Amino acid sequence: MATAPVSSLTGVTVEFLEFPAIVTPPASSGKSYFLGGAGVRGLTINGQFIKFTGIGVYLEDKAFPSLASKWNGKTQDELFNSIDFFRDIIKGPYEKLIRGSKILPLEGAEYVRKVSENCVSHMKAVGTYGEAEAEAVEKFIQIFKPHNFPIGSSVFYLQSPSGTLTISFSDDGTLPESVAGAIENKALSETVLETMIGEHAVSPALKQNLASRLAPLF
Ligand code: HCC
């Protein structure tokens, strides 16, 4: 039975989506990831905030001591306002597993258009967008295109420290056994998480949840 690096770790509910405290991939030999935090990603359309997805960020267990030793003693607000804290999570040498679950139905092409636009503009802004990244983004788009996301369905992004981004799709919130595609590109892989919790993140709620859960545990 997998245990969290901190036994008091709880799950998070975003609308009707439940993000358990621990996930264990099928067919993994006892490996598990703990929930750093989860939050809603919405868009303001005609002045109204529409909630589209819930995003959960899971971290490999060894992320905990590494983050705790640097960030212990900081308050929730200090963590939330620290670009370096989120940068550490994005760049840390451990695996991250991100679950993006749908609150409203979305076509894969529509979802990936938004995500890839954000990723490309971020990589251009920081100067990491080159030919290899353009190819990686094209591959990324093609993986999502034929897919549709009904309410409650999920995309999982597994990011390895070496820069492999593995994508899988699930009809619910559980991690599937099969993989939809894998892309070897460190800049793109990190940028997917960067656009969610970095400086210009799409989900401030997710950042707030990460800071509020982790500060007292550190
Ligand atoms: C990102 C990561 C995730 C999302 C994003 C950018 C996301 C997308 C939701 O936008 C969405 C909502 C409405 C649409 C299309 C996509 O969760 O029409 O970097």
Side-chain angles (χ1 to χ4, degrees), residues 12-19 35-59 83 86-87 89-91 96-126 128-129 133-134 136-159 163-173 175 180-183 185-210:
V12 172
T13 304
V14 177
E15 302 294 294
F16 56 87
L17 304 165
E18 304 214 4
F19 293 83
L35 182 64
V40 72
R41 190 291 195 245
L43 290 167
T44 303
I45 298 172
N46 298 327
Q48 222 196 329
F49 186 73
I50 313 277
K51 296 167 181 169
F52 278 97
T53 63
I55 303 173
V57 174
Y58 287 85
L59 304 172
I83 292 167
F86 293 103
R87 184 166 298 146
I89 296 177
I90 295 161
K91 302 227 174 239
K96 297 116 207 186
L97 178 69
I98 302 159
R99 171 182 151 198
S101 296
K102 308 307 174 241
I103 294 168
L104 291 175
L106 275 172
E107 287 179 6
E110 170 66 7
Y111 170 83
V112 79
R113 188 176 60 79
K114 274 248 152 39
V115 178
S116 61
E117 276 173 7
N118 276 353
C119 290
V120 169
S121 72
H122 179 264
M123 288 190 286
K124 283 184 175 168
V126 298
T128 55
Y129 188 75
E133 285 67 35
V137 169
E138 188 50 36
K139 194 169 173 190
F140 185 75
I141 292 170
Q142 294 309 324
I143 290 170
F144 284 85
K145 258 198 179 159
H147 197 78
N148 275 313
F149 292 108
I151 291 172
S153 67
S154 306
V155 52
F156 283 89
Y157 301 98
L158 179 62
Q159 302 171 328
T164 306
L165 179 65
T166 305
I167 296 164
S168 42
F169 300 125
S170 163
D171 291 336
D172 53 27
L175 195 58
I183 300 168
N185 188 281
K186 197 174 170 74
L188 176 63
S189 181
E190 286 185 354
T191 302
V192 169
L193 185 52
E194 170 75 39
T195 59
M196 295 168 175
I197 65 168
E199 208 174 341
H200 308 287
V202 297
S203 180
L206 168 58
K207 294 178 69 170
Q208 200 56 262
N209 191 249
L210 276 159

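Just so it is clear, the structure is predicted and the values come from calculations on it, not from any experiment. Ligands are counted one by one from 1 in listed order, and the atoms in each one are counted from 1 as well. Note that these values count all heavy atoms, side chains included, but never hydrogens, waters or copies made by symmetry. We number each residue from 1, following the sequence as shown.
- In terms of modelled atom types and a separation under 3.5 Å, the side chain of Gln159 and the main chain of Ser189 share a donor-acceptor contact.
- For Lys114, there are no side-chain hydrogen bond (donor to acceptor under 3.5 Å, both in side chains) partners at least two apart in sequence or on another chain.
- Listed by first and then second residue, the salt bridge (Lys or Arg N to Asp or Glu O under 4.0 Å) pairs involving residues 188-198 are Lys91-Glu190, Lys186-Glu190 (not counting sequence neighbours).
- Taking the side chain as every heavy atom from C-beta outward, Ser153 and Lys102 approach each other to under 4.5 Å.
- Atom CG of Asp172 has more than 12 heavy atoms from other residues, nucleotides or ligands within 6.0 Å.
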Ligand 1 polar-atom proximity to protein (N/O, under 3.5 Å):
unit_1   : atom_1 : unit_2 : atom_2 : d
ligand 1 : 10 (O) : Arg41  : NE     : 2.9
ligand 1 : 10 (O) : Arg41  : NH2    : 2.8
ligand 1 : 17 (O) : Thr53  : OG1    : 2.8
ligand 1 : 18 (O) : Glu110 : OE2    : 2.5
ligand 1 : 19 (O) : Thr195 : OG1    : 2.5

Donor-acceptor pairs under 3.5 angstrom involving side-chain atoms of residues 104-112: please list them, not counting sequence neighbours.
unit_1 : atom_1 : unit_2 : atom_2 : d
Glu110 : OE1    : Arg113 : NH2    : 3.2
Glu110 : OE2    : Arg113 : NH2    : 3.4
Tyr111 : OH     : Tyr157 : OH     : 2.7

